[in-house]
Protein chains: 2
Amino acid sequence: MDQIELVRDFNRFYTQRLGVLNDHYLGQRRPLGEARLLFEIGDGAGLRELRSRLGLDSGYLSRLLRSLSGDGLVTVGPHPTDGRVRTAVLTEAGQRERADLEARSRESVAALLDPLTPAQRERLLEAQGQVRRLTRLATVTIEAVPDDAPPARACLQAYAAELDLRFPEGYDPAALIAPGALTEGTFLLAREDGRPVGCGLWQGSGPVAEIRHVWVSPDARGLGLGRRLLAALERDAAGHGITSIRLGTHSVLAEAIALYRAGGYREVQSDDSSPYNQLAFEKRLVL
Amino acid sequence: MDQIELVRDFNRFYTQRLGVLNDHYLGQRRPLGEARLLFEIGDGAGLRELRSRLGLDSGYLSRLLRSLSGDGLVTVGPHPTDGRVRTAVLTEAGQRERADLEARSRESVAALLDPLTPAQRERLLEAQGQVRRLTRLATVTIEAVPDDAPPARACLQAYAAELDLRFPEGYDPAALIAPGALTEGTFLLAREDGRPVGCGLWQGSGPVAEIRHVWVSPDARGLGLGRRLLAALERDAAGHGITSIRLGTHSVLAEAIALYRAGGYREVQSDDSSPYNQLAFEKRLVL
DNA sequence: CACAATCTCTGACCTTAGTCAGAGAACGCC
DNA sequence: GGCGTTCTCTGACTAAGGTCAGAGATTGTG
């Protein structure tokens, strides 16, 4: 069996397992749609938000809510500020039902874990974490966007805010590349399910380019995305005739430094004008 | 987050991932039920078998088949020997459709793997394998059954057949415990999804009991089931007042010997009358 | 050979999950 | 204050997935 077949086989296996688990804990008390809605309402939520979170048609949502409120689990009232929006709130019975579903779900998972030894449970969690991290990494898309695209600027703002916290001297957002200033080079944006989770750019016209502003969103760290971004930047630069990359970084950014070293960058004498770049690295691109 | 919550979180994540994958490759060409049926028919299958494999109502299956044969993908003919049963066979168009679905599925998995480096793919497969093995192990049930129950005898037959192949001198099935002979002791049967996948028994009235006939089905090896069975036998025996276990094994059964050693058994002088038991082990049970 | 069991098929019926086209109320902006 | 937009709700409709009760053919068994 090749790799693709092995993954498909695992997916089939796990689909089936999850099906059994779901059947067991849902116990036919509620249709799936209503159960999901009960969870999602939580401590009250606007219908508009519910619709977007669950991806429901407005008519369908309305009907689901009517059914739930018919069972006395939900009340739908007006929104405090916006009269068009309505908000759904769980009644006490609704909260009990929700807690009950939650407990059943926990119980069926607990029953699954029960026969395993503590060491085996650890291994299971570790392996699930690994599957998850690699699957997430694999589904992140990286694409070139203009450096003034709104999601690009959002990433850069987050990058600047983080550096401002981490650098002892703070970070001046004016040091960011100005919108539209990237005429020679590429800005790469990483997205997970459409949401921006990282960025980076290379710039320069000569045979030597500079990589800057490589950033990964905190909730996407540990996946190996920094490495993917760096590799994608190098590939893109190489495709534009760049043969060497230089980059500078701050001495407090230990994980960035480790990333560059692991990526084949060698530390060189810094001649950078930016006060934030205390270290300089260089790498020759091989085609 | 506790362990249960972590597992639930992984399950939610993976459900969603699989949903995206499925939506993508099924591409709305076929309803899920029909697609599954196309796969399952393969090179022809009796309707009765299809029904049990897919867990379908006979009326529903009939209707699905009519729909598929209406599209020219399937022909339904008589069974060669049993006139009540009918068999479904894929037409050429059906085989093309099936191959097409298969190709789409492979393609979407290939697209998932594509962004990963070879080392990351290896790690993903390794982790998926780990999740699968531990999940399988956790869902195996172990229960006491009479030593003459049909699934118990089936396991013992398989055990004897295997030993006969592995022992240079062969194995005489008469050496198996006779049906109904286990009056003092317990026969434990391991099942996965109802299917017997392993067994083992302890027997004896004194403070010292003997564990015999520990066997795990070839397709359930590598899960750690032998270890679970052994632990379950010890627990059951201890519950019946047994304080020490002795057991004998054949010198060619390397993995069994390793299992006993890892389980805390110490090799002792063999005084066994059975010609198959060249090695003897002993363990004091602690309560 | 009779009779019970097995197997497939049909028709009637049901729930879940969803889509679509408006109606009507409320809001935001000019 | 008018007007386009946003939001919810209703009614009409559809597809998928499935259940249930027989009818009719066939088979195994006493």
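Keep in mind that this is a model prediction, so the values were computed, not measured. Here is how names work: the chains are called A, B, and so on, in the same order as the sequence lines, proteins then strands, and each is numbered from 1.
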J.: Would you say the side chains of B:Glu34 and B:Ser67 form a donor-acceptor pair under 3.5 Å?
T.: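 Distance-only check passes for B:Glu34 and B:Ser67.
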
J.: Starting from C1' on D:dA16, measure out to CG on B:Leu64 and report it in whole angstrom.
T.: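 Checked: the CG to C1' distance equals 10 Å.
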
J.: List in chain and number order the residues that pass side chain to side chain contact (heavy atoms under 4.5 Å, CB included) with B:Pro115, two or more places apart in sequence or in another chain; answer none if no residue qualifies.
T.: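 Checked B:Pro115 against side chain to side chain contact (heavy atoms under 4.5 Å, CB included); matches are A:Arg228.
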
J.: Report the distance from atom CZ of A:Arg30 to atom C1' of C:dT16, rounded to the nearest whole Å.
T.: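 For the pair A:Arg30 CZ and C:dT16 C1', the rounded distance is 14 Å.
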
J.: For A:Thr135, check side chain to side chain contact (heavy atoms under 4.5 Å, CB included) against everything at least two apart and list the hits.
T.: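 A:Thr135 satisfies side chain to side chain contact (heavy atoms under 4.5 Å, CB included) with A:Val131, B:Phe13, B:Tyr14, B:Arg17, B:Leu112, B:Leu124 once adjacent residues are dropped.
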
J.: Of all the nucleotides listed (D:dC7, C:dA17, C:dT10), which has the minimum atom distance to the side chain of A:Leu32?
T.: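 Of the options given, the side chain of A:Leu32 lies nearest C:dA17.
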
J.: Compare the minimum distances between each of D:dT10, D:dT6, C:dC9 and the side chain of B:Leu47, then state the nucleotide with the smallest one.
T.: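 Among D:dT10, D:dT6, C:dC9, the one nearest the side chain of B:Leu47 is C:dC9.
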
J.: Can you measure B:Arg51 atom CZ to D:dG18 atom C1' for me and round it to whole angstrom units?
T.: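 One finds 14 Å between C1' of D:dG18 and CZ of B:Arg51, rounded.
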
J.: Which pairs with one or both residues in residues 69-80 of chain B pass salt bridge (Lys or Arg N to Asp or Glu O under 4.0 Å), sequence neighbours excluded?
T.: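 The answer is B:Arg30-B:Asp71.
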
J.: Give the residues of residues 35-46 of chain B touching DNA chain C, defined as any heavy atom closer than 4.0 Å, sorted by residue number.
T.: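 The answer is none.
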
J.: Looking at D:dC9, C:dC7, D:dC7, which one has an atom nearest to any side-chain atom of B:Val85?
T.: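 Closest nucleotide to the B:Val85 side chain: C:dC7.
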
J.: Among pairs that include at least one residue of residues 143-152 of chain B, which meet side-chain hydrogen bond (donor to acceptor under 3.5 Å, both in side chains), considering only residues two or more places apart or in two chains?
T.: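 Residue pairs with at least one partner in residues 143-152 of chain B: B:Glu143-B:Arg191.
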
J.: Assign a letter to each nucleotide of nucleotides 19-30 of chain D from its 5' end: B, base within under 4.0 Å of a protein heavy atom; S, sugar-phosphate only; -, no contact.
T.: BB-----BS---

J.: Whole angstrom is fine here: how far is it from CG in A:Leu68 over to P in C:dT16?
T.: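 It is 11 Å, rounded to the nearest whole Å.
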
J.: Near A:Asp2 CG, under 6.0 Å, is it more than 12 heavy atoms from other residues, nucleotides or ligands?
T.: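 Result for CG/A:Asp2: enclosed.
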
J.: Atom CZ of B:Arg66 to atom P of C:dC9: distance rounded to whole Å?
T.: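 Going from CZ in B:Arg66 over to P in C:dC9 covers 9 Å.
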
J.: Check side chain to side chain contact (heavy atoms under 4.5 Å, CB included) between A:Gln95 and all other residues, then give those that pass, not counting sequence neighbours.
T.: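 Partners of A:Gln95 by the side chain to side chain contact (heavy atoms under 4.5 Å, CB included) criterion, ordered by chain and then number, come out as A:Leu90.
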
J.: My understanding is that only residues two or more places apart in sequence, or in another chain, count here; which of them pass salt bridge (Lys or Arg N to Asp or Glu O under 4.0 Å) with B:Arg221?
T.: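 Per chain and number, B:Arg221 pairs via salt bridge (Lys or Arg N to Asp or Glu O under 4.0 Å) with B:Glu162.
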
J.: Without decimals, in angstroms, what is the distance between B:Glu34 CD and D:dA16 C1'?
T.: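 From B:Glu34 CD to D:dA16 C1': 9 Å.
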
J.: Atom CZ of A:Arg86 to atom P of C:dG24: distance rounded to whole Å?
T.: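 From A:Arg86 CZ to C:dG24 P: 17 Å.
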
J.: Taking only residues two or more places apart in sequence, or in another chain, which ones meet B:Glu107 in a side chain to side chain contact (heavy atoms under 4.5 Å, CB included)?
T.: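 So B:Glu107 forms no side chain to side chain contact (heavy atoms under 4.5 Å, CB included) with any residue.
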
J.: May I have the distance from A:Arg48 (atom CZ) to C:dC27 (atom P), rounded to whole angstrom?
T.: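 Nearest whole value for this atom pair: 12 Å.
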
